[in-house]
Amino acid sequence: MAKYIAQIIMTGAQVVGRAFAKAVQQEIRFSQQAAKARASSGGGSAQSQAADAFTGMSVQEAKQILNIEDISDVEAMQKKYDHLFQVNDRKKGGSLYIQSKVVRAKERLDQELDLVNKKEEEPKTEEKS
Amino acid sequence: MDSIPGGLTSKYYKGGFDAKMSKREASLILGVSPSANKNKVKDAHKRIMLLNHPDRGGSPYLATKINEAKDMLDK
């Protein structure tokens, strides 16, 4: 009898142990993924990250919303913005919430362009002096 | 003055999409009440999706959000 009880306890301990090891592995994987995501989204400068937090929208999300790859292509961005803004106008049966996100995405990218332009200007002035 | 985010154009909702879709956000996206019945949700989804269809110059990201919103309210 004692032998069986010992066996049951052993198998039970093994199952729990295995599950625990798996959970730890998963936790490690998740934290690695989160770190990677943070590194890729935080590719911008400290200013850019501050703007992310302030506006509540990352550059990455803004790009996705406007469906553009390159934010320096101002003309293409404006075109997409105009189209999406009009299409989602409330008078035409659109949703104000989606229109808002389009507006905020444009705002965020304009802001990012400002930051990039300022950064490009700075080294030049340093070279001159 | 455009560079002040959310300062002057306060008519629009602030920030980006929520990290995880909520019923509240879903109802805002589709422009229906959170307790709207299935038909209302279906109609709203169809209308908004037509406007934002990726084949017609819409954004795929917005399209996924619209579909997500419908799934959220369909339950």
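Basis for what follows: all heavy atoms, side chains included, without hydrogens, waters or symmetry-related copies. Throughout, a chain's letter reflects where its sequence line sits, starting with A, and its residues are numbered from 1.
- The environment of CD in A:Q14 is crowded: more than 12 heavy-atom neighbours from other residues, nucleotides or ligands sit within 6.0 Å.
- The shortest side-chain heavy-atom distance between B:L30 and A:S95 does not fall under the 4.5 Å cut-off.
- For the pair A:E61/B:Y61, a side-chain contact is recorded, criterion being any heavy-atom separation below 4.5 Å from C-beta on.
- Between chain B and the options A:V102, A:I68, A:L66, A:L84, the largest number of non-hydrogen pairs under 4.5 Å is found for A:L84.
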- [ ] Begin with the C-alpha distance, continue with both residues' side-chain angles, and end with the deciding distance and a verdict on side-chain contact (heavy atoms from CB on, under 4.5 Å) for B:L51 and A:I98.
- [x] CA-CA 11 Å; B:L51 295 170; A:I98 293 181; over 6 Å; no
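- Taking every heavy atom of both residues into account, A:M57 and B:G16 meet most closely at CE-CA, 3.5 Å.
- Using a 4.5 Å cut-off between heavy atoms, B:L28 touches chain A through backbone and side chain atoms alike.
- Taking NZ of A:K63 as the start and OG of B:S59 as the end, the distance is 13.5 Å to the nearest 0.5 Å.
- Here the closest non-hydrogen pair linking B:K14 and A:R104 is CA-NE, 3.6 Å.
- Under the 4.5 Å side-chain heavy-atom criterion for grouping Ile, Leu, Val, Met, Phe, Trp and Tyr, A:F20 is connected to A:I28 within one hydrophobic cluster.
- Heavy atoms closer than 4.5 Å to chain A are found nowhere in B:L50, neither backbone nor side chain.
- Inter-residue side-chain proximity for B:Y13 and A:L96 is flagged as met; some heavy-atom pair is nearer than 4.5 Å.
- Within the 4.5 Å cutoff, the side chain of B:L62 has no heavy atoms near those of the A:N67 side chain.
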- [ ] Check the pair B:F17 / A:I65 against side-chain contact (heavy atoms from CB on, under 4.5 Å), numbers first and verdict last.
- [x] CA-CA 10 Å; B:F17 287 100; A:I65 289 173; 3.8 Å; yes
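- Contact annotation: the side chain of A:Y97 approaches that of B:E25 to within less than 4.5 Å [non-hydrogen atoms, C-beta and beyond].
- A continuous path of hydrophobic side-chain contacts links A:I71 to A:V103 [ILVMFWY only; heavy atoms under 4.5 Å].
- Neither A:V74 nor A:L115 shares a network with the other; the hydrophobic side chains, linked directly or stepwise wherever heavy atoms of I, L, V, M, F, W or Y lie under 4.5 Å apart, form separate groups for each.
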